[in-house]
Protein chains: 2
Amino acid sequence: MPPVSERRERERAHRHQMIIDSARELAETEGWEAVTTRRLAERVEYSQPVLYSHFHGKDAIVAAVALDGFAELAADLRGARQAAPAPGPALRAVCDAYLRFASERPALYQAMFVLPTDLRFASAETPAPLRACFDEFVACFDPGNERRELVAEVVWSALHGITVLSASGRIPAAWQEERVDLLVTRLARTP
Amino acid sequence: MPPVSERRERERAHRHQMIIDSARELAETEGWEAVTTRRLAERVEYSQPVLYSHFHGKDAIVAAVALDGFAELAADLRGARQAAPAPGPALRAVCDAYLRFASERPALYQAMFVLPTDLRFASAETPAPLRACFDEFVACFDPGNERRELVAEVVWSALHGITVLSASGRIPAAWQEERVDLLVTRLARTP
DNA sequence: CCCGGATGCTAGCAGTGCTAGACATGCTTG
DNA sequence: CAAGCATGTCTAGCACTGCTAGCATCCGGG
């Protein structure tokens with residue numbers, strides 16, 4: 001491949017990531033309803049149609065943002081789990097890391113778990129970062145427990161429910177600590 | 001008040017409810033993204049601006065739909081709880097009723113719990129139907145348990161998480177039964 | 001009978017996601 | 001080295017959104 005087109009491809013890749021990053025920044029500072037193709041194009045200093053040479057449409061852009069988010073979340077969860085001394089405290093640590101991620105990057109979390117997306121979950125073509133996130137929850141349980149995937153799903157669902165309901169003001173923001181306590185202590189043990 | 005304006009007011013109230021019902025039907029059949037002020041106006045056979053003489057804006061219309069939904073959900077939950085023989089099975093019955101409501105009326109559920117709304121939750125000016133829904137969960141626990149409100153919040157959050165994650169394909173639609181089993185059996189008891 | 005106020009309409013604004021077609025730039029080939 | 005092709009980008013515009021200003025029209029009260 002000639003070096004010129006090599007450089008072009010590099011620049012194109014750079015611009016690709018620039019679009020994703022700009023969308024994410026814009027969403028984090030002003031919310032997703034402020035992320036429009038016009039404002040996004042203005043930010044990356046190109047016209048709107050170039051966005052469509054990188055992504056099928058706006059949905060694909062938020063999906064790309066979400067994918068980056070899943071990679072970060074997986075790293076966070078893994079770090080929290082491995083820093084814990086035992087499987088018991090590990091679940092608690094992972095839950096805390098999950099809630100911290102959601103509250104520190106609400107727009108990113110929204111792109112990952114709330115906004116309509118065509119990312120495939122729980123199937124063969126599920127991207128690796130998604131699966132990695134879920135696996136961190138599963139890994140907190142005894143491998144001998146054949147229902148551990150089910151328990152992980154329930155824990156994850158509960159955390160997600162707590163997150164979105166408190167983010168939208170549907171449950172009080174206080175008592176988060178106590179809710180996680182309740183959740184972990186009662187769901188962790190294998191009866 | 002003269003009978004003529006009395007009739008007018010009655011007609012106006014009828015049209016008011018007609019807007020709400022049309023919005024709900026449209027959402028149930030084609031999803032909320034298909035509910036536009038134009039289509040809504042066409043359905044009630046008036047022009048768009050009349051919508052704004054009834055509601056501040058589109059958000060207020062979905063809030064009205066949601067409010068109707070809360071009344072129905074509260075009735076469902078109450079019926080399920082009172083049909084149960086004891087507090088233990090009651091929680092399970094209420095959870096089942098909740099999930100059935102969510103899966104049978106997905107758009108209505110979305111208006112109530114997912115779409116951005118200015119309905120006040122968990123505060124002084126919370127509308128009665130909202131509070132009634134939450135209270136049905138609380139009533140499943142022993143009044144002597146001073147943490148029963150917290151437990152109710154967690155149960156509700158988990159149900160909500162299960163609902164939205166499976167509705168958006170983020171967890172498999174199967175195993176719902178088992179998830180609720182897990183949730184109820186481990187969170188119900190008062191240790 | 002005529003007037004005034006309420007009522008609902010037409011038309012339009014500013015914004016959205018997305019795309020067709022023009023244009024220029026630069027690479028490849030005769 | 002020049003001609004022409006292909007790639008890349010932009011301008012302009014489409015069909016749609018929520019929402020509103022201002023104008024008819026109609027009906028009840030004096």
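Letters go in sequence order (proteins before strands), and every chain restarts at 1.
- For D/dG8, the OP1/OP2 oxygens have no side-chain nitrogen or oxygen of A/Arg15 closer than 4.0 Å.
- B/Asp96 has no carboxylate O lying under 4.0 Å from a charged side-chain N of B/Arg100, or vice versa, which leaves the two without a salt bridge.
- Distance from the side chain of A/Gln48 is smallest to C/dC18 among C/dA20, C/dC9, C/dC18.
- The two residues B/Cys133 and B/Leu77 make their nearest non-hydrogen contact at O-CD1, 3.9 Å.
- Phosphate proximity of D/dT17 to B/Arg38: present, with a side-chain N or O under 4.0 Å from OP1 or OP2.
- Proximity of a side-chain donor or acceptor of B/Arg186 to a complementary backbone N or O of A/Leu187 within less than 3.5 Å is detected.
- Between A/Arg39 atom CZ and C/dG15 atom P the separation is 11 Å, expressed in whole Å.
- DNA chain C lies under 4.0 Å from at least one heavy atom of each of the following residues of residues 19-37 of chain A: A/Val35, A/Thr36, A/Thr37.
- Distance A/His54 NE2 to D/dT9 C1': 11 Å, rounded to the nearest Å.
- With respect to B/Glu153 and A/Arg179, a salt bridge is recorded, a charged nitrogen being found less than 4.0 Å from a carboxylate O.
- In this view, A/Phe55 and A/His16 satisfy the ring pair (Phe, Tyr, Trp, His ring centres under 6.0 Å) rule, not counting sequence neighbours.
- Using a distance-only test at 3.5 Å, with no hydrogens or angles considered, a donor-acceptor pair links the side chain of B/Arg148 to the main chain of B/Phe141.
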